[in-house]
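Here is how names work: the chains are called A, B, and so on, in the same order as the sequence lines, proteins then strands, and each is numbered from 1. These numbers come from a predicted model, not from an experiment.
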There are 2 protein chains.
Amino acid sequence: MVKRQPGTTPTLEEVAALAGVGRGTVSRVINNATGVKESTRRAVQRAIAELGYVPNLAARSLAGRRADAVALAITEKDWRKFGEPFFSEVVRAVGDALADTSVQLLLTLVRSDAERTRFVEYARGGRVDGVLLMSVHAEDPLPDMLADAGLPTVLLGRRSGDEQVTYVDADNAGGAREAVEHLLRGGRRAIGTVTGPLDMYVAQSRLRGYREALTRAGIAPRAAWEAEGDFTEESGRRATAELLERHPELDAVFAASDTMAAGALAALRAAGRRVPDDVAVIGFDDFQLAQHTEPLLTTVRQPLEEIGRAMVRLLLEEMEQPEVAWRHVILRTRLVVRGSA
Amino acid sequence: MVKRQPGTTPTLEEVAALAGVGRGTVSRVINNATGVKESTRRAVQRAIAELGYVPNLAARSLAGRRADAVALAITEKDWRKFGEPFFSEVVRAVGDALADTSVQLLLTLVRSDAERTRFVEYARGGRVDGVLLMSVHAEDPLPDMLADAGLPTVLLGRRSGDEQVTYVDADNAGGAREAVEHLLRGGRRAIGTVTGPLDMYVAQSRLRGYREALTRAGIAPRAAWEAEGDFTEESGRRATAELLERHPELDAVFAASDTMAAGALAALRAAGRRVPDDVAVIGFDDFQLAQHTEPLLTTVRQPLEEIGRAMVRLLLEEMEQPEVAWRHVILRTRLVVRGSA
DNA sequence: TTGAAAGCGCTAACAG
DNA sequence: CTGTTAGCGCTTTCAA
């Protein structure tokens with residue numbers, strides 16, 4: 001690695017010389033500052049065009065202490081998950097939220113300790129104005145490392161009930177409760193659930209919502225009606241198959257993710273059950289992939305667009321109000337009824 | 001957006017003061033330069049630890065004209081493709097290739113003209129040392145914009161036969177030829193193909209390889225045996241179904257991607273054909289997802305790990321030898337025989 | 001409305 | 001081996 005041909009890139013100074021103005025004036029023009037005579041502005045712009053000038057961002061951030069970039073770090077050792085719709089949809093949502101700003105979105109992978117160290121140095125080094133984190137596991141120290149360094153940081157989802165870092169989350173318990181209440185209204189009573197991995201807070205919350213709904217309806221939750229998955233389709237299939245075998249009397253299943261709901265459907269059909277006449281299925285829609293499941297599937301919709309927007313908004317607030325220790329935003333989910341579950 | 005609390009972050013100067021040395025010495029220590037007495041080195045490191053010092057990267061790149069970061073830009077309007085294994089595998093491969101360097105990998109999305117402009121300014125602004133591009137469409141001006149700006153740029157795949165930007169590609173024609181030759185050796189004669197989108201060079205190359213194999217075997221290629229897909233599973237299914245309907249005599253199918261091969265398998269089975277007794281299928285393995293297809297499927301393996309390494313290597317060469325206009329590397333594919341196709 | 005000047009924090013030469 | 005110095009290219013006062 002060696003310096004790119006020096007002198008090749010025109011500097012602000014050269015633009016100023018060509019336009020016959022001072023450097024300050026050129027700076028004002030490229031930053032759209034007010035108080036520049038229209039004629040000089042045009043002269044400067046002509047010079048910029050002639051030289052093909054592009055501002056050096058390193059110099060700009062050094063002088064202006066702003067990077068005009070934010071990182072979206074993906075901290076997932078299991079790289080296969082990167083391909084999942086949930087991830088790409090979140091990336092899209094955040095990208096859309098930043099679409100008409102001048103802030104460059106940088107996705108980074110943080111899979112190992114070495115990568116974590118490198119990323120923290122990168123972020124603390126002032127190359128980004130803030131960091132968005134998704135898919136953070138409960139034991140991950142990265143959020144605290146960043147927050148302690150004074151970097152604006154926003155999590156998607158929380159690591160525990162008393163997360164001490166700014167986050168955006170969906171109302172997981174409420175959404176799950178609503179789903180199960182829908183089943184109850186439809187006359188179902190023996191409702192099982194396929195949970196997410198229970199070391200994740202999101203999975204705990206959805207399970208809690210499921211139990212609350214049953215309790216409120218006067219039905220005592222039964223551990224035997226709960227089977228744990230890991231948010232993959234295969235786990236949904238397996239967990240549902242187990243559930244059915246142990247409890248043929250189940251007349252509905254609440255799956256804590258859309259992917260697992262797809263697996264649940266497959267398992268039910270494989271077992272010769274009709275859906276939903278025989279057994280109804282509701283999933284928690286992580287990623288708006290309704291078209292991949294079935295039209296008869298009623299789901300709880302997690303508003304990823306809004307989550308993306310909220311993350312960006314919180315990040316801006318973090319930057320502007322460093323006196324706030326942290327803030328939390330919970331977004332409402334929505335029950336989407338399709339078919340007659 | 002507002003400056004992060006100024007003065008909050010210790011500078012190299014403060015470290016030097018605390019350690020009682022000059023700034024140059026501190027710089028040497030943090031850059032692992034040789035020629036520093038062990039005792040002073042330790043003193044400096046103690047000061048660094050005490051202050052929690054982290055180098056300011058903007059200042060470093062300004063002074064040193066190096067960003068220590070490279071961008072991997074994903075120029076794909078159709079964002080769904082981001083979730084495909086090919087993409088995530090390439091990202092992983094490049095990430096692995098950079099794993100034990102101090103170079104930070106930054107993924108960026110370039111979906112619109114606005115994003116393209118923003119990214120070019122970012123890259124030209126000196127925030128990255130080079131750019132890797134994947135999934136570049138034939139008409140995309142981005143590679144030329146970057147290369148013209150003097151930025152080291154490496155494409156994954158080429159846009160045409162005489163690509164004038166550095167790229168890494170697989171031997172698509174050779175791989176396809178090998179696949180078809182394998183079918184011929186197995187006694188198949190009526191071999192159809194499902195091609196990729198023919199406005200992409202990679203699809204043209206694989207089609208060419210297919211035709212060459214037939215020609216060499218004394219079989220005249222027939223347009224009617226060729227059906228166009230778009231690298232998706234669904235298109236593979238549809239194209240294969242068409243092929244079979246028009247030409248029930250086909251005894252083998254070469255699919256120009258693994259995804260389409262999966263679709264081809266489904267179509268064959270739906271049509272009641274047995275695989276491979278009745279009709280054999282070979283796919284071009286973009287993404288090493290063999291486990292998702294079938295054990296009986298023989299594939300052409302595209303070496304993504306090596307492609308990632310080669311891209312990184314070429315990028316480094318671009319940086320070191322700006323006098324080379326461009327360079328091309330074609331990697332060998334490998335026929336992986338599973339089952340009896 | 002504009003020019004001049006003072007840094008931003010670091011690297012790299014150059015003296016010692 | 002180590003301190004000093006001169007920038008890197010830009011933003012931002014401060015005068016004019």
Visitor: Under 4.0 Å: is that the gap between some side-chain N or O of A/T25 and OP1 or OP2 of C/dT2?
Guide: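 Indeed not, no polar side-chain atom of A/T25 lies that close.
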
Visitor: Figure out the CG/C1' separation between A/L57 and D/dG9, and round it to whole Å.
Guide: 11 Å

Visitor: Using heavy atoms to find the nearest nucleotide of DNA chain D for B/G35 and B/A59 separately, return the residue whose nucleotide is more 5′.
Guide: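 Between the two, 5'-proximity favours B/G35.
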
Visitor: From A/Q104 CD over to A/R127 CZ, what is the distance, rounded to the nearest 0.5 angstrom?
Guide: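 If I round to the nearest 0.5 Å, the distance is 12.5 Å.
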
Visitor: Mark yes when over 12 heavy atoms from residues, nucleotides or ligands other than B/Q321 sit less than 6.0 Å from its CD; otherwise mark no.
Guide: yes

Visitor: As an exercise, state the distance from CG of B/L98 to CG of B/L132, rounded to the nearest 0.5 Å.
Guide: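 Reported to 0.5 Å precision, the distance equals 7.5 Å.
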
Visitor: Please give, in whole Å, the distance from C/dC10 P to B/E13 CD?
Guide: 9 Å

Visitor: Without decimals, in angstroms, what is the distance between A/L62 CG and C/dA6 P?
Guide: 17 Å

Visitor: Which one, D/dC1, D/dG9, C/dA6, comes nearest to the side chain of A/R23?
Guide: C/dA6

Visitor: Measure from CD on A/E38 to P on C/dT2 and round the result to the nearest Å.
Guide: 10 Å

Visitor: Which listed nucleotide (D/dC10, C/dG9, C/dT2) is nearest to the side chain of B/N56?
Guide: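 The answer is C/dG9.
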
Visitor: Measure from the side chain of A/L12, starting at C-beta and using heavy atoms only, and say which of D/dT2, D/dC10, C/dG9 lies closest.
Guide: D/dC10

Visitor: Can you tell me how far C1' of C/dT11 sits from CG of B/D68, to the nearest Å?
Guide: 12 Å

Visitor: Can you tell which of C/dT11, D/dG3, D/dC10 lies closest to the side chain of B/R60?
Guide: C/dT11

Visitor: How is A/V21 classified with respect to the nucleic acid when contacts are heavy atoms under 4.0 Å: base, sugar-phosphate, or nothing?
Guide: sugar-phosphate

Visitor: Can you tell me how far apart CG (A/L133) and CG (A/L72) are? Round to the nearest 0.5 Å.
Guide: 8.0 Å

Visitor: Just how far is it from atom OH of A/Y122 to atom CG of B/D68, taken to the nearest 0.5 Å?
Guide: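 With rounding to 0.5 Å, OH (A/Y122) is 10.0 Å from CG (B/D68).
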
Visitor: Check every strand shown and say whether A/T11 touches a base, only sugar-phosphate, or nothing at a heavy-atom separation below 4.0 Å.
Guide: sugar-phosphate

Visitor: Using whole Å, report how far OH of A/Y53 lies from C1' of D/dG9.
Guide: 7 Å

Visitor: Given atom NZ of A/K37 and atom P of C/dG3, what is their separation to the nearest angstrom?
Guide: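 Rounding to the nearest Å, NZ of A/K37 and P of C/dG3 are 10 Å apart.
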
Visitor: Suppose we call a contact any N or O donor and acceptor under 3.5 Å apart; does that hold for the side chain of A/R28 and the base of D/dT11?
Guide: no

Visitor: Check the phosphate of C/dT2 against A/T40, side-chain N and O only, distance under 4.0 Å to OP1 or OP2. Yes or no?
Guide: yes

Visitor: Starting from C1' on C/dA12, measure out to CZ on B/R66 and report it in whole angstrom.
Guide: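 Nearest whole value for this atom pair: 13 Å.
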
